[in-house]
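As structure tokens, the structure follows; a few thoughts come after it.
Below, chain A is the first sequence line, B the second, and so on; all start at residue 1.
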Amino acid sequence: MLLDLTALRDGNRCGQASAFMALTPIKAGHEDLLRADLEALGAGDGPSPLARLPRTHFGRWVVCEDFVTDPSQGGADTMGCPHLIFTCCIDGDIQSYLEELCAELAPETRMIWRHCINAPDPAEGADLVRYLRHNQIDTGLFYSAYPNTTVGEVRRVLRQQAALRALAVDAPMLTAEELQRRFLAEVGGS
Amino acid sequence: MNATASLTTPTTATGTRPGNRDGYAIAITVFSTVKWWGRAALPVVFTVPKIAPQTISTLQRLSFIHFARWSLIREIPYNGAPQPEIKLRHPHLYFESNFNGGWEEYIDAFSHILTRGMWLFWGSSYGFPKALPTGPFKAYIKANEMEASHFYSAYPQATATQITRALELDELLADLRARAADMPPDEFAAAFGTLMAEAQRCC
């Protein structure tokens with residue numbers, strides 16, 4: 001494993017991947033409304049809206065009521081009000097991803113961040129990008145098992161792996177010509 | 001994503017709250033309060049793996065992790081009234097992981113394989129009971145964990161191991177893919193057999 005100079009300069013990076021986190025304050029009394037809106041995203045058989053951003057590996061929204069106080073810490077530490085945590089693991093740089101998020105997912109971002117204190121109204125576009133950047137929490141250490149592989153590449157190698165497995169099962173019943181033809185068609189030649 | 005997770009989550013996902021699942025993918029989100037000395041120690045802990053990546057090889061042995069992150073929060077971003085302006089008494093450690101398997105199995109493996117590393121990351125957190133035995137540590141994580149209201153994986157049916165093996169297979173396939181179209185069929189069939197034998201060994 002080689003020294004990752006990019007990660008050394010920027011804790012939000014690991015190879016080509018980036019980690020983003022925003023911590024935004026929730027309006028008084030809006031926690032349950034926000035939870036309901038978040039749980040409705042992609043409800044039923046519909047895909048998550050994050051599926052519309054092809055650079056997203058993983059993403060999550062979490063409603064955080066407050067920090068947990070351990071009895072040994074000698075007094076509570078509070079966030080002041082409940083906060084919304086939004087994090088994602090993405091391909092490439094954060095700024096262009098947030099621009100895509102706040103444009104492509106505008107109907108959803110309006111619905112989510114309208115519950116947050118002093119979020120732009122409507123919560124979309126460049127104003128929301130600035131709001132999320134203002135509330136960004138930098139990552140100290142970001143780990144990826146496959147830091148230089150994009151979402152598209154992950155999906156491609158998984159498809160290839162499945163195709164090769166299927167071909168391996170059929171291979172004993174195929175002639176050399178059939179095997180080669182199917183390999184080129186299903187696994188692909190360069 | 002909650003809705004599909006209920007249909008597709010494997011039975012091995014023991015101990016996982018519904019909101020923290022999307023297919024095989026599981027989310028863990030944890031805050032812990034950090035003692036005064038963690039403010040200086042944790043940035044060092046975060047930097048060492050970047051300078052000496054071999055130190056994180058133990059994490060790679062936990063082959064079910066896709067992505068993980070740690071952040072030290074020293075202040076809450078302020079957006080103006082009516083948000084209360086807060087001065088934190090302690091820094092706070094944010095940890096999240098995107099993995100596959102089950103919550104119980106994840107914590108067990110984390111504790112047994114990353115025992116010393118766990119102390120490096122959480123030794124400065126109030127209430128951290130040591131990684132082993134796992135019982136008190138699981139109780140600690142449960143007390144500090146939050147459930148996601150929405151969790152998304154781009155490839156919910158794939159495990160991290162499956163992806164790393166598919167990437168190894170891709171490297172192995174590169175040569176045959178490049179030559180396949182120009183090879184006589186019998187030569188191709190022999191090369192395919194050799195490749196499949198290699199693939200069984202490594203991927």
Note to self: For Phe67(B) and Phe142(A), take the angle between the two ring planes, folded into 0 to 90°, and tell me which bin it lands in: parallel under 30, tilted 30 to 60, perpendicular over 60.
What the structure shows: parallel
Item checked: Minimum heavy-atom distance Thr33(B)-Val68(A), with the two atoms named -> OG1-O, 3.4 Å
Margin query: Can you classify the ring geometry of Tyr146(A) versus His66(B) as parallel (below 30°), tilted (30 to 60°) or perpendicular (above 60°)?
Written below: perpendicular
Item checked: Nearest atoms (heavy-atom pairs only) where Val63(A) meets Ser149(B) -> CG2-OG, 4.0 Å
Item checked: Winner by heavy-atom pair count (cut-off under 4.5 Å) against chain A, out of Leu169(B), Leu173(B), Asn98(B), Thr164(B) -> Asn98(B)
Next item on the list: Report yes or no: do Asn12(A) and Arg69(B) form a side-chain donor-acceptor pair below 3.5 Å?
Entry: no
Margin query: Does anything in residues 120-127 of chain B reach chain A? List residues with heavy atoms under 4.5 Å apart, or say none.
Written below: Phe121(B), Tyr126(B), Gly127(B)
Next item on the list: Could you tell me which portion of Ala199(B) (side chain, backbone, both or neither) has an atom closer than 4.5 angstrom to a non-hydrogen atom of chain A?
Entry: neither
Margin query: Once side chain to side chain donor-acceptor pair (under 3.5 Å) is applied, do any residues pair with Asp70(A), and if so which ones, sequence neighbours excluded?
Written below: Ser72(A)
Check: Side chain, backbone, both or neither: which part of Leu42(B) has a heavy atom under 4.5 Å from chain A?
Finding: neither
Notebook entry, point to check: Below 4.5 Å, heavy atoms only, C-beta onward: do Pro185(B) and Leu179(A) meet side chain to side chain?
Noted result: no
Item checked: Qualifying residues under side chain to side chain donor-acceptor pair (under 3.5 Å), relative to Ser71(B), sequence neighbours excluded -> none
Item checked: Within residues 74-107 of chain A, residues adjacent to chain B where the heavy-atom gap is under 4.5 Å -> Gly74(A), Gly75(A), Ala76(A), Asp77(A), Thr78(A), Met79(A), Gly80(A), Cys81(A), His83(A), Ile85(A), Thr87(A), Cys88(A), Cys89(A)
Next item on the list: State, to 0.1 Å, how close Gln180(A) and Ala180(B) come at their nearest heavy-atom pair, and which atoms those are.
Entry: NE2-O, 2.7 Å
Checklist line | Side-chain donor-acceptor pair present, Gln83(B), Asn118(A), cut-off under 3.5 Å | finding: no
Next item on the list: Assess whether atom NZ of Lys138(B) is packed by more than 12 heavy atoms of other residues, nucleotides or ligands within 6.0 Å.
Entry: yes
